[in-house]
Undergrad: 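Structure provided below as structure tokens; questions to follow.
Just so you know, these numbers come straight off a predicted model, no measurement behind them.
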Amino acid sequence: MAFFHFNRKQRLLLIAYAILFFFLLLLCRFWSLRDPGSLFFEATEGYRPKYSLARIQESLDYLTVYNQSGATYPYPPIEYQPPRDKAACVGIVTVKRPLQQNLATTVASIQDTLTPEQRRALSIQVLFALSDPTEHPDYNQTWLSTIVDHVNTYETVDAPHVTIASLEKKKDIKRKSLLDYRLGLQACYDGSDAPWIVMLEDDVVAQRNWYEHTMQSVRRIEEARQHGQLQDWLYVRLFYTEKFLGWNSESWPVYLFWSALTVAIVAWVALAARRRIRAAQPVLTNPFLLVLCFLCVPALIGLFFMTGRVTWFPMEPGVHVMNSHGCCSQALLYNRAHVPELLRFLAEREDKTPTKAVDTVIEMLAGKEGLERLAISPSQMQHVGAASYKEKKKKWEWEGPYRIKGAHGVWSMGFETAYTQQGSYRWFDM
Ligand SMILES: *[C@@H]1O[C@H](CO)[C@@H](O)[C@H](O)[C@H]1NC(C)=O
Ligand SMILES: *[C@@H]1O[C@H](CO)[C@@H](O)[C@H](O)[C@H]1NC(C)=O
């Protein structure tokens with residue numbers, strides 16, 4: 001056994017290393033349980049709805065009040081016409097979903113914490129993207145007409161009925177999503193002159209302070225742009241998942257470089273120590289250096305990568321440029337100036353094959369026009385939809401331990417920890 005070829009000191013050092021490594025392994029595992037880019041990721045921890053669950057309940061409690069006929073809503077939309085001086089239009093496109101509808105949560109959670117002024121500055125529009133909107137379980141709920149400014153259907157927006165009927169028949173959900181997204185965006189664009197247009201999917205929940213936080217961020221973004229620190233931008237992401245922010249395979253040369261550099265530095269330091277320090281000479285023998293450089297150090301580097309990038313380098317709270325690996329289109333705030341281009345581009349892509357997903361098309365336009373894509377960290381919204389008909393399944397069932405979860409792991413871990421009281425032990429947070 002090679003191990004016994006080493007002298008006593010060397011053996012002790014190797015044993016000490018093994019013990020240390022074991023503890024580091026436990027520590028890293030504990031740190032990165034919730035990091036989807038980590039090898040130690042555990043779904044039960046990662047998808048635990050620590051904040052969303054309470055937030056959903058809170059917003060539904062608010063909604064219940066307006067779910068009774070005759071309830072008076074303090075901000076009836078008609079009184080705040082014309083739609084000038086709106087700060088933002090919120091457009092929500094809703095479809096029928098398997099298992100559960102979350103539209104009520106979405107609509108309630110974006111307004112239940114607003115001050116009257118803030119609520120008046122918002123125009124909330126919901127588009128029912130079904131040829132027969134009455135098939136949608138929420139379509140004639142009492143709360144809908146009470147707390148939403150405009151309830152749109154294909155009849156009230158300028159929709160290509162024949163195309164839609166054929167897409168519905170063919171169950172071409174991807175192409176129909178493109179069309180629906182465009183119609184929802186257009187409705188918001190035409191329906192108000194708000195400088196910001198927030199497009200939400202019908203299965204997100206907003207954090208309590210989302211409005212203030214988002215508006216402050218946008219003001220800061222615009223200041224930065226006016227001072228030339230930032231280029232023109234297409235959207236600000238109010239939701240992102242950490243899932244795609246891990247180590248990227250295309251960056252392997254960078255990772256390899258740093259790994260090799262680390263090994264080289266350790267080797268260099270060890271060799272220098274052997275030359276300079278007499279006492280180190282019997283320890284730092286050639287076989288020992290081989291083990292050190294090609295076993296011990298690489299194992300630590302491996303542990304570093306296994307632990308996941310987001311755990312080591314969490315995103316600072318604030319606004320970030322996220323021109324790549326940002327996913328998905330659950331909640332985006334658009335700069336009104338670029339919405340006409342986007343509308344044109346979406347319309348153009350609707351007829352093209354292969355059909356691209358909405359978020360891909362948005363990225364294509366941003367790339368083509370050289371527009372920045374920004375993100376607010378931590379996420380202001382969470383994706384709580386459990387399922388969508390985009391997945392082609394025969395049978396729909398609840399899976400996993402939680403009813404609240406982003407389908408396909410489209411989930412923000414940061415959202416769950418950022419807004420809870422326990423957020424104080426940030427060291428373990430992502
Ligand atoms: C609103 O009321 C209707 C009818 O009473 C009920 O079926 C529905 O679940 C309620 N919705 C919410 C979100 O409370
Ligand atoms: C929804 O509409 C149908 C048909 O108009 C009506 O029978 C039903 O009572 C309505 N439901 C609610 C909750 O308003």
Undergrad: Could you go through V93 and R182, starting from their C-alpha distance and side-chain angles, then the distance that decides it, and tell me whether this counts as side-chain contact (heavy atoms from CB on, under 4.5 Å)?
TA: CA-CA 10 Å; V93 177; R182 174 169 68 84; over 6 Å; no

Undergrad: Q380 side chain to P378 main-chain N or O, any donor-acceptor pair under 3.5 Å?
TA: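 Yes: the side chain of Q380 pairs with the backbone of P378.
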
Undergrad: Do E42 and R29 sit within salt-bridge range, that is, some charged N less than 4.0 Å from a carboxylate O?
TA: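 A salt bridge is present here (some side-chain N lies under 4.0 Å from a carboxylate O).
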
Undergrad: Could you check whether any side-chain heavy atom of N140 comes within less than 4.5 Å of a side-chain heavy atom of T134, counting everything from C-beta outward?
TA: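 No; the side chains remain at least 4.5 Å from each other.
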
Undergrad: Contact between I92 and V107 at the side-chain level, heavy atoms closer than 4.5 Å - yes or no?
TA: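 Contact flag for I92/V107 side chains = yes.
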
Undergrad: Mind checking the CD1-OG1 spacing from I147 to T142? Nearest 0.5 Å is all I need.
TA: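 One gets 11.5 Å once the value is rounded to the nearest 0.5 Å.
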
Undergrad: Considering all heavy atoms of both residues, which atom of A299 and which atom of F21 are nearest to each other, and what is their separation?
TA: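 Of all heavy-atom pairs spanning A299 and F21, the closest is O-CE1, 3.5 Å.
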
Undergrad: Quick one, F41 and Y47 - any side-chain contact, counting heavy atoms below 4.5 Å?
TA: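 Yes, at least one pair of side-chain atoms sits under 4.5 Å.
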
Undergrad: Passes side-chain hydrogen bond (donor to acceptor under 3.5 Å, both in side chains), T113 versus Y211? Steps please.
TA: CA-CA 9 Å; T113 55; Y211 181 78; over 6 Å; no

Undergrad: To the nearest 0.5 Å, how far apart are SG in C293 and CD1 in I265?
TA: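 Between atom SG of C293 and atom CD1 of I265 there are 11.5 Å.
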
Undergrad: Identify the heavy atoms of Q330 and V410 that sit nearest to each other, and give their distance.
TA: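 Closest approach of Q330 to V410: OE1-CG1, 3.9 Å.
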
Undergrad: So, are E341 and R344 salt-bridged, with charged N and O less than 4.0 Å apart?
TA: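 Answer for the salt bridge query: no.
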
Undergrad: Determine, step by step, whether S52 and E416 satisfy the side-chain hydrogen bond (donor to acceptor under 3.5 Å, both in side chains) criterion, reporting the C-alpha distance in whole Å, the side-chain angles of both residues, the deciding distance to 0.1 Å, and the verdict.
TA: CA-CA 7 Å; S52 322; E416 300 300 328; 2.2 Å; yes

Undergrad: Indicate yes or no: at least one non-hydrogen side-chain atom of V151 is less than 4.5 angstrom from one of Y139.
TA: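 Touching, per the 4.5 Å side-chain cut-off.
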
Undergrad: Starting from the C-alpha separation in whole Å, work towards a yes-or-no answer on side-chain contact (heavy atoms from CB on, under 4.5 Å) for M322 and R373.
TA: CA-CA 6 Å; M322 199 187 271; R373 285 138 274 174; 5.6 Å; no

Undergrad: Taking the six-membered ring for Trp, are Y51 and Y419 parallel (under 30°), tilted (30 to 60°) or perpendicular (over 60°)?
TA: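 Plane angle between 30° and 60°, so tilted.
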
Undergrad: Measure the spacing between SG of C188 and CG of L127 and express it to the nearest 0.5 Å.
TA: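 Those atoms lie 10.0 Å apart.
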
Undergrad: Do you see a donor-acceptor pair shorter than 3.5 Å between the side chains of D149 and Q125?
TA: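 No.
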
Undergrad: Stepwise, does the side-chain hydrogen bond (donor to acceptor under 3.5 Å, both in side chains) test hold for S38 with S32?
TA: CA-CA 6 Å; S38 156; S32 62; 3.0 Å; yes

Undergrad: In Å and rounded to the nearest 0.5 Å, what is the CG to CD distance from L230 to E372?
TA: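 L230 atom CG to E372 atom CD measures 5.5 Å (nearest 0.5 Å).
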
Undergrad: In sequence, state the C-alpha distance, the side-chain angles, and the governing distance for W258 and L261, and then conclude on side-chain contact (heavy atoms from CB on, under 4.5 Å).
TA: CA-CA 5 Å; W258 286 107; L261 190 69; 3.7 Å; yes

Undergrad: Give the C-alpha distance, both sets of side-chain angles, the deciding distance and a yes or no for side-chain contact (heavy atoms from CB on, under 4.5 Å) between H161 and E155.
TA: CA-CA 9 Å; H161 296 278; E155 296 301 326; 3.6 Å; yes

Undergrad: Rounded to the nearest 0.5 Å, what separation is found between the OG1 atom of T94 and the CG atom of L200?
TA: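 Nearest 0.5 Å value for the OG1-CG distance: 11.5 Å.
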
Undergrad: Grab the two heavy atoms, one from A194 and one from C89, that are nearest each other, plus how far apart they are.
TA: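 Closest pair (atom of A194, atom of C89, distance): CB-N, 3.6 Å.
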
Undergrad: Could you check if a side-chain atom of H338 sits within less than 4.5 angstrom of a side-chain atom of D232, using non-hydrogen atoms only?
TA: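 Side chain of H338 against side chain of D232, heavy atoms only: contact under 4.5 Å found.
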
Undergrad: Keeping the roles fixed (side chain from E212, backbone from N209), state whether a donor-acceptor pair exists under 3.5 Å.
TA: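 No: the side chain of E212 does not pair with the backbone of N209.
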
Undergrad: With no hydrogens and no angle check, do the side chains of E316 and S377 hold a donor and an acceptor under 3.5 Å apart?
TA: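 Note: E316 and S377 side chains miss the donor-acceptor criterion.
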
Undergrad: For T106 and D203, work out which heavy atoms get closest and say how close.
TA: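 Heavy atoms of T106 and D203 come nearest at OG1-N, 3.6 Å.
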
Undergrad: Kindly say whether V157 contributes a backbone atom to a donor-acceptor pair with the side chain of N152 at under 3.5 angstrom?
TA: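 Absent.
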
Undergrad: Side chains of Y181 and D359 only: does a donor on one sit below 3.5 Å from an acceptor on the other?
TA: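 Result is no, nothing qualifies.
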
Undergrad: Within a 6.0 Å radius of atom CG on D351, are there more than 12 heavy atoms belonging to other residues, nucleotides or ligands?
TA: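 Enclosed.
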
Undergrad: Can you tell if the side chain of W31 reaches within under 4.5 Å of the side chain of W312, non-hydrogen atoms only?
TA: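 Yes; the side chains approach each other to less than 4.5 Å.
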
Undergrad: Give the C-alpha distance, both sets of side-chain angles, the deciding distance and a yes or no for salt bridge (charged side-chain N to carboxylate O under 4.0 Å, His left out) between R48 and E45.
TA: CA-CA 5 Å; R48 191 186 295 282; E45 273 312 308; 2.7 Å; yes

Undergrad: Looking only at non-hydrogen atoms, find the nearest pair between L295 and Y17 and report the distance.
TA: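 Looking at all heavy atoms of both residues, the shortest contact is O-OH, 4.3 Å.
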
Undergrad: Taking A206's backbone N and O only, do any of them form a donor-acceptor pair with R55's side chain (distance below 3.5 Å, no angle check)?
TA: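 Pair found, side chain donor or acceptor close to backbone of A206.
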
Undergrad: Measure across L60 and T105 and return the closest heavy-atom pair with its distance rounded to 0.1 Å.
TA: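 Reported closest heavy-atom pair: CD2-OG1, 3.9 Å.
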
Undergrad: One thing to verify: whether R208 and E58 come together as a salt bridge, which I'm taking to mean a side-chain N less than 4.0 angstrom from a carboxylate O.
TA: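 Looking at R208 together with E58, the answer is yes, because their closest N to O distance falls below 4.0 Å.
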
Undergrad: Donor-acceptor pair, W196 side chain versus M215 backbone, under 3.5 Å?
TA: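 Answer holds: no.
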
Undergrad: For the side chain of K86 and the backbone of G191, is there at least one donor-acceptor N/O pair under 3.5 Å apart?
TA: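 Checked: no pair found.
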
Undergrad: Please say whether the positively charged group of R336, taken as NZ for Lys or CZ for Arg, lies over the ring of Y189, i.e. under 6.0 angstrom from the six-membered ring centre and within 45 degrees of the axis.
TA: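 Because its charged atom sits under 6.0 Å from the ring centre and within 45° of the axis, R336 does stack over Y189.
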
Undergrad: If you measure from the Lys or Arg side-chain nitrogens to the Asp or Glu carboxylate oxygens, is any gap between R219 and E222 under 4.0 Å?
TA: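 Looking at E222 together with R219, the answer is no, because their closest N to O distance does not fall below 4.0 Å.
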
Undergrad: Does any N or O in the side chain of R349 come within less than 3.5 Å of the main-chain N or O of T355, such that one atom is a donor and the other an acceptor?
TA: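 Not a single qualifying donor-acceptor pair exists.
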
Undergrad: Report the distance from atom CG of D172 to atom CG of L178, rounding to the nearest 0.5 Å.
TA: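 The CG atom of L178 is 9.0 Å from CG of D172, to the nearest 0.5 Å.
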
Undergrad: Before accepting this row, confirm whether a basic side-chain N of the pair E135/K96 lies closer than 4.0 Å to the acidic partner's carboxylate O.
TA: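 Not counted as a salt bridge, because no side-chain N and carboxylate O are separated by less than 4.0 Å.
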
Undergrad: Please check this pair: side chain of D112 against backbone of Y62, looking for a donor-acceptor N/O pair closer than 3.5 Å.
TA: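 A pair under 3.5 Å: no.
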
Undergrad: Judged by modelled atom types alone, do R309 and N248 share a side-chain donor-acceptor pair under 3.5 Å?
TA: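 A pair is found: one side chain offers a donor N or O, the other an acceptor, under 3.5 Å apart.
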
Undergrad: Taking 4.0 angstrom as the limit, do R34 and E242 come out as a salt bridge?
TA: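 Salt bridge flag = no for E242 with R34.
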
Undergrad: Decide yes or no for Q111 and L122: does some side-chain heavy atom of the first lie under 4.5 Å from some side-chain heavy atom of the second?
TA: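 Not in contact.
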
Undergrad: Can you find a heavy atom in the side chain of C296 that is under 4.5 Å from one in the side chain of L14?
TA: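 Yes, at least one pair of side-chain atoms sits under 4.5 Å.
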
Undergrad: A quick test of your reading: do over 12 heavy atoms of other residues, nucleotides or ligands sit less than 6.0 Å from CZ of F294?
TA: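 Incorrect, the count does not exceed 12.
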
Undergrad: Does T115 use its side chain to pair, donor to acceptor, with the backbone of Q118 at less than 3.5 Å?
TA: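 Pair found, side chain donor or acceptor close to backbone of Q118.
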
Undergrad: Here's a test for you: under side chain to side chain contact (heavy atoms under 4.5 Å, CB included), which of V361, I362, T360 qualifies with V358?
TA: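 Only one option passes, and that is I362.
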
Undergrad: Any idea how W247 and F304 line up, ring-wise: parallel (<30°), tilted (30 to 60°), or perpendicular (>60°)?
TA: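 If you compare the ring of W247 with that of F304, the planes turn out tilted.
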
Undergrad: If you count the non-hydrogen atoms of other residues, nucleotides and ligands that lie under 6.0 Å from NE2 in H227, is the total more than 12?
TA: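 No.
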
